[in-house]
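Take a look at the structure set out below.
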Amino acid sequence: MAKKQFKAESKRLLDLMVNSIYTHKEIFLREIISNASDAIDKLCYLSLTDDKVGMNRGDFFIEISVDKDKRTITVSDNGVGMDKDELENNLGVIAASGSYKFRQEAGESEDMDIIGQFGVGFYSAFMVSDEITVVTKKYGSEQAYEWQSSGADGYSITECEKDAVGTEVTMHLKEDTEDEKYSEYLDNYRLYALVKKYSDYIRYPIRMMTPVQKEKEGSDPEKPEFEMVDELTTINSMVPLWQRKRSEVTDEEYAKFYQELARDFDKPQRVITVSAEGGVTYRALMFIPSRKPLNYNTDAFEKGLQLYSSGVMIMDKCDALLPDYLRFVRGVVDSPDLSLNISRELLQHDRQLKVIARNLEKKIIADLEKFIKDDREGYEKFYANYGRAIGFGIVSEGGETRKDELKDLLMFYSSTEKKLTTLREYADRMSESQKCIYYAAGESAAQLDALPQTEMLKDHSYEILYLTGEADEFVIQTLQNYADKPFRSIIDGDLELGDAENELLDEKEDLMKFVKETLGDKIKEAKASHRLKTHPACMSAGGGFSFEMEKYFKNFDMPDPMKADRILELNTKHPSVMAMETALLTDRTKAELYAKILYNQALLIAGLPLDDPSAYTDMVAELMK
Ligand code: ADP
């Protein structure tokens, strides 16, 4: 039969596997076993609702066998199997597993990381084998098929004989080279160790011929003699970790379980266990990954926890169990109360599931509160990864804000502490007389710290929170206040300093009128500033829609993006502003030049684009003549 070619994108990944220099080639076994386990999950799930399957949970198994002479390892399962189309679509196209998408988004250079983070499924077997044969029979079908491929030159599918439903994957190992000893995978002990390392919690027995000590037949019971006999033995421990008490499980075991679940080489940053009885009975084991998955901010990322009912997996990624903002959490939930007959779509609306989801959310928040207290450094690392997520939970979670629950998990850079701080800590440091919690939103703490607007507050030794996250200002506006103190933007808002000096400020109305006339529509208003000290000018947005929001919305493709008001604030005690006032009496053109320059300077400091940079430099050059 003519060979079929792999789809282009599959071929690229395949080439990568065939020629892989990846050091953890051993993960191929984990990938193949995990596929077998998924296939069993599918049939096991069917068997619960369909008597025709005729199998019990205890009947399912995965078996590994080795043929040293033929240099092959075979992994067989009695799972759901594949028909011809499925063979074609599942093993001929990598996109089926989503791995290709990850890879595309991560860029070519991160190939090795992809293998580590996500595994690459079935194709990883080509890292160690030069030929793979898959013999499979689908549940409910009479005909079995054989898929065979030596990698790059394509694959063939032919009809074949197979009695039982299920799949057998036979990998013919590559020849050993100087650097790689593929023969090591023919060693039972090596395979045993790999199963223990990566697949110990697979819920079905993984069996393999293993040498066990047996009493020699016919030996004297008084003086028994022993011999080593190969026996089919279950090598994985199977007991789901989440069914064991936290105190009885080591950190190592949790880490191993997580690594298997999330296909991550890193250890999790947090382990969260929940055991609930009463209303709805369930156990959950959740993890916060130490780093963001590469596809975290893309559409390819799927949130959700694995859902089990009494040890049988119902769904791999049940998204109804996690609110969007906590989508980085990985883990499993097992509840005997969930009905197995319920369809997967209906499950999304299940009342019990909703109760579980809400409780899990609370547990995760409670754990984060503990995290911040127990391990500040760790929390800051967490925050660098997922701080935005906390903000999103506040701004809106399906229309319902979680601001009261989440506000103490926020962190912002403090102008006085010179490090991240929480709102609680800020409030605790506030003096009685301080009326507002001050903040400034912008690109970076350094840029914000240099703003003219900060001067007056620094003079009063007031602390300012520098908001540098994209949506931070929306978060603050949603909160409105903290510990009964309103948030106030130092860029736009009334600082409420109640300074005697400020109250006596000369408003210089004529001068301001002149500036407004000169600049026309470019500004909404020119006014004498209450917040400047040594700097001549700054731009404020008059509260409400801020410059940061303007920049934020510019990212979206909108025909007519909203713009913040531009209010030019001038320091009437500054020599340059006074010079403009003097010029106005004698040389109006010069005064106009001053007004325009001050306006441009205010734009620059605010990080706003100049209307015409070259005209601005010409104006400055004009002054220098
Ligand atoms: P993933 O497991 O991430 O989906 P793989 O490349 O490992 O990607 O496998 C592709 C698909 O092939 C699987 O999703 C599954 O549908 C099918 N498959 C692989 N191995 C088996 C098996 N042992 N039994 C049944 N189907 C399988």
Side-chain angles (χ1 to χ4, degrees), residues 6-7 9-18 20 27-46 53 55 60-65 73-103 114-129 132-141 143-149 151 155 157 162 164-171 198-199 202-204 206-207 260-264 293 295 300-302 304 306 313 315-317:
F6 288 100
K7 296 264 160 59
E9 67 270 28
S10 309
K11 199 169 171 321
R12 277 171 54 214
L13 185 62
L14 197 68
D15 288 343
L16 185 79
M17 290 299 113
V18 172
S20 179
I27 56 127
F28 80 94
L29 190 66
R30 168 191 84 181
E31 300 292 311
I32 298 298
I33 289 178
S34 145
N35 280 346
S37 168
D38 290 350
I40 295 179
D41 270 339
K42 286 177 194 154
L43 192 57
C44 185
Y45 178 77
L46 264 180
V53 178
M55 307 258 286
F60 293 102
F61 66 91
I62 297 166
E63 198 169 305
I64 304 176
S65 56
I73 308 171
T74 300
V75 176
S76 29
D77 64 68
N78 54 355
V80 72
M82 284 176 274
D83 59 21
K84 195 175 172 196
D85 284 349
E86 284 167 333
L87 267 178
E88 180 97 29
N89 293 330
N90 296 341
L91 302 188
V93 189
I94 189 67
S97 71
S99 307
Y100 175 67
K101 258 196 188 150
F102 299 153
R103 212 172 82 84
I114 287 284
I115 301 175
Q117 266 208 37
F118 302 107
V120 282
F122 177 77
Y123 285 180
S124 63
F126 279 108
M127 288 197 289
V128 299
S129 20
I132 301 177
T133 311
V134 180
V135 172
T136 181
K137 185 164 152 189
K138 187 172 166 113
Y139 167 71
S141 149
Q143 183 61 53
Y145 293 93
E146 180 180 290
W147 179 101
Q148 195 174 43
S149 170
Y155 61 92
I157 298 176
K162 185 178 189 307
V165 163
T167 304
E168 259 173 44
V169 179
T170 301
M171 294 157 275
Y198 293 115
S199 314
I202 292 285
R203 299 165 302 282
Y204 307 101
I206 302 172
R207 305 199 300 223
E260 163 80 10
L261 175 90
R263 295 186 179 179
D264 189 351
N295 65 344
F301 183 85
E302 279 181 77
Q306 281 189 347
M313 195 210 279
M315 210 187 277
D316 185 32
K317 289 236 166 86

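Keep in mind that what you see is a predicted model, and the values were worked out from it rather than measured. Each ligand, and each atom within it, is numbered from 1 in the order the structure gives.
Ligand-side atoms of ligand 1 in range of Leu91: 12 (O), range being under 4.0 angstrom from any heavy atom. Here is the list of ligand 1 atoms found below 4.0 Å of a heavy atom in Phe122: 5 (P), 6 (O), 7 (O). If you number the atoms of ligand 1 from 1 as listed, the ones under 4.0 Å from a heavy atom of Met82 come out as 17 (C), 18 (N), 21 (C), 25 (C), 26 (N), 27 (C).
In the displayed structure, Lys84 atom NZ is contacted under 6.0 Å by at most 12 heavy atoms of other residues, nucleotides or ligands.
Shortest non-hydrogen contact noted between Lys137 and Ala164 is CB-O, 3.9 Å. Here the closest non-hydrogen pair linking Asp77 and Ala39 is OD1-CB, 4.3 Å. Looking at every heavy atom in both residues, Tyr204 comes nearest to Cys44 through OH-CB, 3.9 Å.
Within the 4.0 Å heavy-atom criterion, the part of Asp77 lying near ligand 1 is the side chain and not the backbone. Contact annotation: for Thr167 versus ligand 1, heavy atoms closer than 4.0 Å belong to the side chain alone.
Residue Asn35 places at least one N or O, backbone or side chain, under 3.5 Å from an N or O of ligand 1.
Taking the six-membered ring where tryptophan is involved, the planes of Tyr155 and Trp147 are essentially parallel, since the angle between them stays under 30° and well short of 60°.
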